[in-house]
Protein chains: 2
Amino acid sequence: MILEKKKAFNAFAAAKGLRSTRQRDIILDFFLSTRQHVSVEELYLKIKASHPGIGHATVYRTLKLFTEAGLAREILLNDGQTRYEHVSAGEHHDHLVCTGCNAIIEFEDETIEKLQKEIALLHGFMIKSHKLELYGLCAACRANQ
Amino acid sequence: MILEKKKAFNAFAAAKGLRSTRQRDIILDFFLSTRQHVSVEELYLKIKASHPGIGHATVYRTLKLFTEAGLAREILLNDGQTRYEHVSAGEHHDHLVCTGCNAIIEFEDETIEKLQKEIALLHGFMIKSHKLELYGLCAACRANQ
DNA sequence: CATATATTTGAAATTGAAAATCAAGAACAT
DNA sequence: ATGTTCTTGATTTTCAATTTCAAATATATG
């Protein structure tokens, strides 16, 4: 699966006439082996530990490339940090965000998606993307308070 | 209705031991007479035209106060600008955002709200707030492209 | 293989929104 | 009126993200 994604990115890069660089390979490896929802800073620090040479800007740039390539998706929560999550074959999911421990839980709901489409239709909108986030306390954090 | 909101803010200010200032009155007037979804900068510029003395920081601070007072709600869309919308008696609504002309259309959907609660329950979450935004092109912008 | 050219990188500077700082000014209780 | 405390606004700071640009690197070509 990781190999497939690497191939996908290489295909994208080739199609766009991008060069194959050591940095992009490294960043892709780290991104693919990381859990969902890494922030740029998080990923940058993780990479830096073993590859001190890699710069901030390159990580930012490269994550944008992954997004363009369809490997990653930008997640903007309410804390001003951009996160990136893995994209698997067009599926979309939404997020429960715990304001206590910052955990992010994914969910999908077909019915909600359908209702969204109806709402858009009603207003003559053509939806390109959407964002649904439920903020609150997860079970563990509720227990602790 | 505007009068009610002014009273509500005065009550809030009194309860919090805040002082009544010319600036807060002016900002409240402008906020109340403005359309939904003003960004801080927008409101600041509008006020500045007739009240050049009022500072950036005061507008930021005061809008946060309105939010605390329950008169306003912060809206964070994907463009990095904080907007404030009017709150009317606890009702909540979500947004269709046109990426063509930046129009923001409000909608409400009981069924979606209900489904959200079910999802939260399923995950043991206690929801404090939520955010649903549908990004796309409005009817007019679709026609123009 | 060498070389030319075009892309990519990374350090540093810049941007832009928001928050913090702090002296001067204003509100309020007395 | 006066002293205390809060508020303001110019400025600085912060922080994430982007831009800049010279140096480094990848690739095509001879």
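Just so we're clear, the structure is a prediction, and the values are computed from it rather than from any experiment.
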Q | Sorted by number, the residues of residues 8-18 of chain B with heavy-atom contact under 4.0 Å to DNA chain C | A | none
(Q) Which residues pass the salt bridge (Lys or Arg N to Asp or Glu O under 4.0 Å) test with B:E85, not counting sequence neighbours? (A) B:R73
**Q.** Interface residues of residues 23-40 of chain A with DNA chain C (non-hydrogen, below 4.0 angstrom)
**A.** A:Q23, A:R24
Enumerate donor-acceptor pairs with a distance under 3.5 Å from any side-chain N or O in residues 100-109 of chain B to protein atoms, sequence neighbours excluded.
residue : atom : partner : partner atom : Å
B:E106  : OE2  : B:Q36   : NE2          : 3.4
B:E106  : OE2  : B:H37   : NE2          : 3.4
B:E106  : OE2  : B:H93   : NE2          : 3.4
B:D109  : OD1  : B:T111  : N            : 2.9
B:D109  : OD1  : B:I112  : N            : 2.9

Q) Which pairs with one or both residues in residues 48-69 of chain A pass salt bridge (charged side-chain N to carboxylate O under 4.0 Å, His left out), sequence neighbours excluded? A) A:K16-A:E68, A:K64-A:E74
Just distance, no hydrogens or angles: give the donor-acceptor pairs under 3.5 Å from side chains in residues 121-132 of chain A, sequence neighbours left out.
residue : atom : partner : partner atom : Å
A:H123  : ND1  : A:I119  : O            : 3.0
A:K128  : NZ   : B:T99   : OG1          : 3.3
A:H130  : ND1  : A:Q116  : OE1          : 3.3
A:H130  : NE2  : A:H92   : NE2          : 3.2
A:H130  : NE2  : A:D94   : OD1          : 3.2
A:H130  : NE2  : A:E113  : OE2          : 3.4
A:K131  : NZ   : A:L76   : O            : 2.9
A:K131  : NZ   : B:N78   : OD1          : 2.7

Q. Is any side-chain heavy atom of A:R35 closer than 4.5 Å to a side-chain heavy atom of A:H86?
A. no
Q: Step by step, work out the side chain to side chain contact (heavy atoms under 4.5 Å, CB included) result for A:L115 and B:L115.
A: CA-CA 11 Å; A:L115 289 167; B:L115 288 167; 3.9 Å; yes
Provide a list of protein-nucleic acid N or O atom pairs under 3.5 angstrom, restricted to nucleotides 3-5 of chain D.
residue : atom : partner : partner atom : Å
D:dT5   : O2   : B:R19   : NH1          : 2.5
D:dT5   : O2   : B:R19   : NH2          : 2.9

Q. Would you say B:Y60 reaches C:dA18's phosphate, i.e. side-chain N/O to OP1/OP2 under 4.0 Å?
A. yes
(Q) Within the 4.5 Å heavy-atom criterion, are B:I75 and B:H95 side-chain neighbours or not? (A) yes
(Q) Under 4.0 Å, heavy atoms only, any strand: does A:K64 hit a base, just the sugar-phosphate, or nothing? (A) sugar-phosphate
Would you tabulate the nitrogen or oxygen pairs shorter than 3.5 Å linking the protein to nucleotides 20-23 of chain C?
none

Q | ILVMFWY clustering at 4.5 Å (side-chain atoms), partners of B:Y60 | A | B:I2, B:F9, B:F12, B:L18, B:I26, B:I27, B:L28, B:F30, B:F31, B:L32, B:V38, B:V40, B:L43, B:Y44, B:L45, B:I47, B:I54, B:V59, B:L63, B:L65, B:F66, B:L71, B:Y84
Q | Atom-pair distance (NE2 on A:H56; P on C:dT15), nearest Å | A | 19 Å
Q) Is there side-chain contact between B:K46 and B:T34, with at least one heavy-atom pair below 4.5 Å? A) yes
Q: Take the protein atom CD of A:E74 and the nucleotide atom P of D:dA17, then report the distance between them rounded to whole Å.
A: 9 Å
(Q) As an exercise, state the distance from SG of A:C138 to CG of A:L96, rounded to the nearest 0.5 Å. (A) 10.0 Å
Q: Send over the distance from B:H51 NE2 to D:dG9 C1', rounded to a whole Å.
A: 16 Å
Q. Which residues in residues 76-85 of chain A have at least one heavy atom lying under 4.0 Å from any atom of DNA chain C?
A. none
Q. Which residues pass the side chain to side chain donor-acceptor pair (under 3.5 Å) test with A:R83, sequence neighbours left out?
A. A:D79
Q.
D:dG9, OP1 or OP2 - any side-chain N/O from B:T58 closer than 4.0 Å?
A. yes
(Q) Please report the distance, rounded to the nearest Å, between CZ in A:R22 and C1' in D:dA26. (A) 13 Å
Q | Student check: side-chain heavy atoms of B:K6 and B:D25 closer than 4.5 Å | A | no
**Q.** Rounded distance in Å - CD1 (B:I54) to P (D:dA10)
**A.** 11 Å
Q. Remaining members of A:L3's ILVMFWY cluster at a side-chain heavy-atom cut-off under 4.5 Å?
A. none
Q: Please step through side chain to side chain contact (heavy atoms under 4.5 Å, CB included) for the pair B:C98 and B:R142, ending with a clear verdict.
A: CA-CA 10 Å; B:C98 178; B:R142 283 172 68 185; over 6 Å; no
